[in-house]
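These notes are about the structure you will find just below.
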Amino acid sequence: MRITILGSAAGGGFPQWNCHCRNCAGVREGTLRALPRTQSSVAVSGRRDDAFVLVNASPDLRAQLAAYAPAKPRRGPRDTGIAAIVLVDAQLDHTLGLYLLRESSAPWPVYCTDRVYEDLTRGHPVLEVLEHYCGTERRRIALDGEAFEVPGADGVEWRALPVSSKPPPFSPNRRAPEPGDNIALVLRDAATGRSVLYAPGLAEIDSRIEAEMRSADCVLVDGTFFTDDEMIGVGVSSKRARDIGHLPQSGPGGMLEHLAALPGTTRKILIHINNTNPILDERSEERAVLERLGVEVAFDGMEIEL
Ligand code: MLT
Ligand code: MN
Ligand code: ZN
């Protein structure tokens, strides 16, 4: 199984078009040692190398597909390597890219939970809009923890775990989060038995997620913010990380504490990184802290083989 990071940034990307924070200004001017990053999406491929599953469809999808060789059309006048789409939540950074796939000659198999389906047909009815183009075929992700398969990732076993985070701002359920608004995915290669836990949005790590993290060979987890009040400190928002469904890396109970408690053999990677996060600056003290803990920072084009 191979996971390719198509986009490693959170909503807005890095640099964000209207952001003049230290990071965004520095990467724009070329004075900061940091890689630009597109918005949150990964490709999962199994035994076949001419097909893959798109996990989350970001607004930067067009550029991401152009940069990813297996996505290229090759077998006919209309073609793509994308075999199916899996969504972990209904957030815009994970779903706006669906519009960019409207030219498909066949309806898209879209895997999502009931709660996400509800948000994508009511609060933001993108799936209804797509009915006037290529159409979609909804595939239900259940929350019973049962393994399922997704065409395009042969030999990969998928499991969905409900995680604590938040429905998007446009959701009728914004103030009443429920299991299924956000999921983590556990992907296991049936041949090697090796697995990855992918969770770009995690507000809290309960004992079940903790146990799943412990048994995975690789964790690819929420790297949105370093500190809970990061956006307040930078002066770009009054919201705290935890208010919008993201556990910060630092502080008591923070992501780094959880990662440090995992076995030394577990590969630990932060993904969905907000442009305000100081870990993007490769010379920052915060980045040095991660290096000492053996925690990696995902970048666009990064490949994980399991
Ligand atoms: C989030 O996960 O909170 C998002 O990145 C928000 C967004 O899409 O702007
Ligand atoms: Mn997001
Ligand atoms: Zn910024």
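Indexing begins at 1, ligand by ligand and atom by atom, following the structure's order.
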Does atom CD (Glu137) have a neighbourhood of more than 12 heavy atoms from anything else shown, all under 6.0 Å? yes
Using heavy-atom distances, let me know which of Asn274, Leu92, Asp93, Asp222 sits nearest atom 5 (O) of ligand 1. Asp93
Tell me whether Gln39 reaches ligand 1 (any heavy atom closer than 4.0 angstrom to a ligand atom). no
Report yes or no: does Asp89 have an N/O/S atom closer than 2.8 Å to the Mn ion (ligand 2)? no
Kindly confirm whether the Mn ion (ligand 2) is within less than 2.8 Å of some N/O/S atom in His94? no
Angle at the Zn ion (ligand 3) (to 10°), with one arm to SG of Cys21 and the other to OD1 of Asn275: 120°
Determine which of the N, O or S atoms in Asp93 is closest to the Mn ion (ligand 2) and give its atom name. OD2
Among Ser165, Gly11, Ser40, the residue with a heavy atom nearest to atom 9 (O) of ligand 1 is Gly11
Backbone or side chain, does Cys19 get an N/O/S atom under 2.8 Å to the Zn ion (ligand 3)? yes
Nearest 0.5 Å please: distance from the CZ atom of Arg140 over to the SG atom of Cys112. 10.0 Å
Check whether any heavy atom of His272 sits under 4.0 Å from an atom of ligand 1. yes
Quick one: does Tyr198's side chain get under 4.5 Å of Val44's, heavy atoms only? no
Just to confirm my output: which protein heavy-atom neighbour is closest to atom 2 (O) of ligand 1, and how far is it? His246 NE2, 3.0 Å
Region of Lys166 engaging ligand 1 - heavy atom pairs below 4.0 Å: neither
Out of curiosity, Leu280 CG to Arg22 CZ, how far, rounded to the nearest 0.5 Å? 10.5 Å
Look at the aromatic rings of Phe52 and Tyr68 and report parallel, tilted or perpendicular, splitting at 30° and 60°. perpendicular
Report the distance from atom NZ of Lys72 to atom CG of Asp79, rounding to the nearest 0.5 Å. 12.5 Å
